[in-house]
Each structure stands twice: as C-alpha cells, then as structure tokens.
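Following: one structure in structure tokens, then a few remarks.
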Amino acid sequence: MTDYLRFLGAAGTVTGSRFLLEIKGHSYLIDCGLFQGGRSEKALNWDAFPIPPERIEAVLLTHAHIDHVGYLPRLVRQGFRGPVYATEASQALLQIVLPDSAHLQEQDAAYANKSGYSRHKPALPLYTADDAEETLKLIQGVPFDRALALDGITITWRPAGHILGSAILEVEVANGNGSRRVVFSGDLGRYESEVMRPPTSVTEADLLIIESTYGDRLHSDEPIQDVLAKALDHITQSEGVLLIPAFAVGRTQEVLYHIRQLQEKGRVPDLPVFIDSPMAVETSHIYCRFGDDHNLDVNLLMDEKECPLRCRDTRFVRDVEESKLLNERPGPAIIISASGMLNGGRILHHLKWRLSDPRNVVLIVGYQAAGTRGRLLLEGAKRIRIHGEEIPVRAHLMQAHALSAHADRDELLRWLGGFSHPPRHAYIVHGEPKSSQALAEGIRERLEWDVRAPKIGQVYEIV
Ligand code: ZN
C-alpha cells in the first residue's frame with residue numbers, strides 16, 4: 001500500500017499549516033492552522049475540507065499559534081472526533097488560545113452583522129465557543145523527547161525554541177522491513193534568544209518539511225533593547241503612547257522581558273505597561289509554569305515581583321470596560337494588545353484611537369502576512385481602514401526585527417546544516433513564494449540538496 005504526504009495549507013502562504021500523512025490507509029493531520037491575512041486567504045477557511053474530517057485518525061500539533069491550530073474547532077464542527085496530540089505546554093496554551101479564537105470569530109460575525117459591512121448576510125462565525133470546548137476535550141499532552149506510537153507511525157516532539165511548547169515533529173513511518181523518517185520543522189526559533197532555547201538540531205530525515213517565513217531575509221543586528229529604548233524615549237518626550245501589537249502567545253512575553261531588562265539597567269523609566277489582552281494575561285502565567293522550556297531562571301519565574309516576564313509596573317487588563325478606559329488615558333504609557341497582525345481583537349480599538357496622533361508610536365514586532373493591516377502599515381499606507389472607518393496614519397511607526405520568533409535565512413540554513421546527509425526529499429513550506437524560493441536557492445547553493453516548494457493540494461508518495 002502506498003503512503004502519501006499531502007500539502008493542504010502553508011504551501012505558497014505563511015498561514016494555514018495543514019499537512020496530511022496517509023499511512024497504510026490511516027490519515028494523520030500534522031497541524032490544523034487557520035488561514036490568515038487578506039480576504040482571499042481567509043476565504044480558504046470556508047472551503048470544504050479535502051477529506052471527510054471523521055476519517056482523520058489523529059491530529060499532531062507542532063505549536064499553539066493560530067496559523068497552526070486555529071482550524072481545529074472547524075474540523076471538529078465538521079465531524080472530527082479523534083485525539084489531538086500536542087506537547088504539555090501547548091496543551092495548556094490551547095486551553096486559552098482556542099476559546100479566544102472562537103470568541104473572535106463570533107465577535108467579528110456579530111460586529112459585521114451590526115454594522116452591515118459584511119458581504120455575507122447574515123455573517124456567520126467559522127466556529128463557536130461550543131466547538132472550541134468540544135475540541136479541548138480531544139487534546140492530549142505528550143512530553144518532549146518521548147516517542148508516541150500510533151497505527152503505522154511513531155512520533156517524537158523535539159523542542160523548536162519558537163514559542164513555549166513549540167516542537168519539531170519526527171515521524172517514523174513503518175515501510176516494508178524498514179522505516180522512513182518524516183521531519184516537520186514546525187516554526188523554528190532563533191539561536192540567540194534570551195528567553196527561548198535554540199531549536200533542537202536534527203541529523204536525519206528521509207522527508208523534510210521546512211518552514212521559510214524569513215527564507216529571504218536576515219534579521220537586523222540592531223539589538224531589540226536599543227529599538228525599544230528609542231521608542232520609549234520618543235513617547236516619554238512626547239507624552240504619547242507606545243502601542244505594541246503582539247501575539248498574546250510568545251511575542252508579548254518577550255516584549256515584557258526586554259522592557260524589564262531596560263528597566264533593570266536604568267535605561268528607561270518605569271512607565272505603566274498595560275497588557276490589554278485577557279489571553280496574554282493567562283499566557284504569561286503558563287510561561288511561568290513551564291519554566292523548564294526556556295532559558296530563564298525558574299525560581300525567578302515563580303516570584304511575582306522578580307519575574308523577568310513582567311515589567312515593574314505591569315497592569316493586566318481583563319474586561320472590555322477597562323480596556324475602553326485606556327482610550328482616555330494620557331501618555332506616557334505602553335499598551336500591548338493583540339492581534340499581532342492587526343487583523344482583529346482589541347488592538348484595533350487602540351489603533352483607531354491612537355494612530356492619527358503623531359505623539360504616539362506603533363512598534364511592529366512580529367511577522368505581518370500579506371493583506372493584513374500590519375503589512376499595509378509597514379508598506380507605508382497613509383490611511384488604514386478599521387471597522388469601516390478610514391484612519392489617517394500620523395503616529396510614528398517602528399519595527400523590531402530582532403524580536404521575531406522565527407529563525408532568519410542564515411539560522412534556517414544553520415539548522416539545515418546539522419543534517420548528516422541530504423534528505424531524499426526536502427519540501428519548503430510556510431512562506432510567501434519569494435521567501436520559499438530564496439530559501440530553496442540558498443539550500444541548493446550551500447548544501448546542494450534537491451528541494452521543492454509544493455503548491456496547495458499537491459500530493460507526494462512516501463518512498
Ligand atoms: Zn508560530
């Protein structure tokens with residue numbers, strides 16, 4: 001019986017990571033991500049799933065970012081009832097990430113119906129809070145570095161250093177008398193992060209599926225703390241607000257860590273830092289609970305005052321009313337809120353309020369997918385449309401590459417250099433076409449491997 005690998009998402013795009021392994025008639029889905037970005041990407045979430053979801057035996061997750069897990073409740077809504085395996089820290093993060101995602105889906109649909117800006121009447125959520133609850137019942141935590149055997153495959157999760165709980169998946173596929181090793185890089189972290197450990201080096205694979213988010217770029221050498229200090233100087237002088245759109249999981253904790261370091265060094269004043277994302281509040285607790293996963297001192301993590309993932313004056317904002325009160329608040333102050341690509345969530349209300357004022361700074365700290373408001377801002381848009389309103393861009397815009405949770409081109413090549421011999425087949429995914437192409441060229445030149453960048457829907461035999 002022939003085995004197959006099918007690329008169902010993150011093939012020619014950064015989001016929507018979904019790969020299907022069909023092994024001896026059993027189907028396993030690796031990651032179950034939401035497509036994010038512009039209208040055409042988001043529309044893909046509404047397409048029928050290519051195989052009946054109830055036929056999928058199990059889902060295996062690399063990490064808890066929405067572009068890797070955010071389609072799960074939709075899969076469950078369509079009949080999937082199998083187990084979902086993820087690392088223990090990812091399992092803890094999923095408890096907050098999935099209900100939050102459902103909430104955003106419901107909120108967006110309700111808002112669209114109220115304001116009548118949707119093209120669909122009525123606008124429906126992709127899934128609901130109930131679907132997310134059903135999904136959470138299916139999740140099973142697995143430890144790092146311990147093999148899990150399922151029908152026809154054995155999987156091991158290795159630390160990827162990207163966010164808490166993030167993993168590289170090594171899948172051993174029984175093949176005749178021998179076996180084939182399929183390695184999914186997931187998202188790879190950076191080698192010099194102060195918060196996360198570097199990605200585990202992998203030496204063997206028959207098939208390799210490698211991400212390429214930053215396959216065409218090197219992160220700037222400018223230390224993140226210098227960028228943050230500049231932004232903070234600006235708002236201290238202008239009495240403005242530093243607005244940082246950040247993914248609640250990962251980016252927010254790293255930003256807090258670096259502001260705290262600046263405070264400890266006496267480089268910046270102890271300005272109030274508002275974490276305006278209920279999810280970021282919970283996530284910070286989980287980051288502290290799973291101390292072994294990162295580089296920080298575990299004893300400090302448990303100490304509220306000394307915790308390096310908090311600033312001196314951190315204020316967690318949970319409810320919407322409190323969040324609205326922030327609009328009236330004069331600077332200088334820092335507001336960190338989600339979503340990181342400005343495609344939903346509370347950050348939109350802050351932007352609506354602060355973007356037209358030159359005293360304020362908007363600091364972009366993560367990847368901005370094509371079609372998102374974050375990308376438009378980086379491309380120099382003079383106006384941004386938020387909830388049907390045109391907001392002029394007058395705030396000072398800054399970017400901190402060094403805060404990326406993704407390996408850059410050289411770091412990807414460094415990780416690939418750890419293989420003792422070329423994989424039989426290497427597939428480049430999770431990148432816009434030009435990043436994937438650039439990484440492919442880098443691999444051909446430096447490593448002389450044969451690589452390809454599959455398109456969505458392509459199927460390859462595992463031989
Ligand atoms: Zn990620």
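Being a predicted model, the structure only gives us computed values, none of them experimental. Along the sequence shown, residues carry numbers from 1.
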Side-chain donor-acceptor pair present, Asp31, Thr62, cut-off under 3.5 Å: yes

Main-chain N/O of Val249 paired to His65 side chain as donor or acceptor, under 3.5 Å: yes

Main-chain N/O of Val273 paired to Arg315 side chain as donor or acceptor, under 3.5 Å: no

Heavy-atom side-chain contact between Ser27 and Ile51 under 4.5 Å: yes

Glu390 atom CD, over 12 foreign heavy atoms within 6.0 Å: yes

Contacts of Arg318 that satisfy salt bridge (Lys or Arg N to Asp or Glu O under 4.0 Å) - sequence neighbours left out: Glu282

Basic-acidic side-chain contact under 4.0 Å: Arg409, Asp216: no

Leu94 versus Leu136, closest heavy-atom pair with distance: O-CD2, 3.5 Å

Sub-6.0 Å ring centroid separation between Phe80 and Phe49: no

Sub-6.0 Å ring centroid separation between His387 and His349: yes

Backbone N/O of Asp408 and side chain of Glu411: donor-acceptor pair under 3.5 Å: yes

Mutual orientation of the aromatic rings belonging to His63 and His68 [parallel < 30°, tilted 30-60°, perpendicular > 60°]: tilted

Check: Phe19 ring centroid to Phe7 ring centroid under 6.0 Å: yes

Short side-chain donor-acceptor distance under 3.5 Å, Ser420 and Glu204: yes

Side-chain donor/acceptor of Lys24 to backbone N/O of Ala174, under 3.5 Å: yes

Centroid separation His425 to Tyr460 less than 6.0 Å: no

Polar side chain donor-acceptor pair, Ser212 to Ser436, under 3.5 angstrom: yes

SB check Arg375 Glu432 (cutoff 4.0 Å): yes

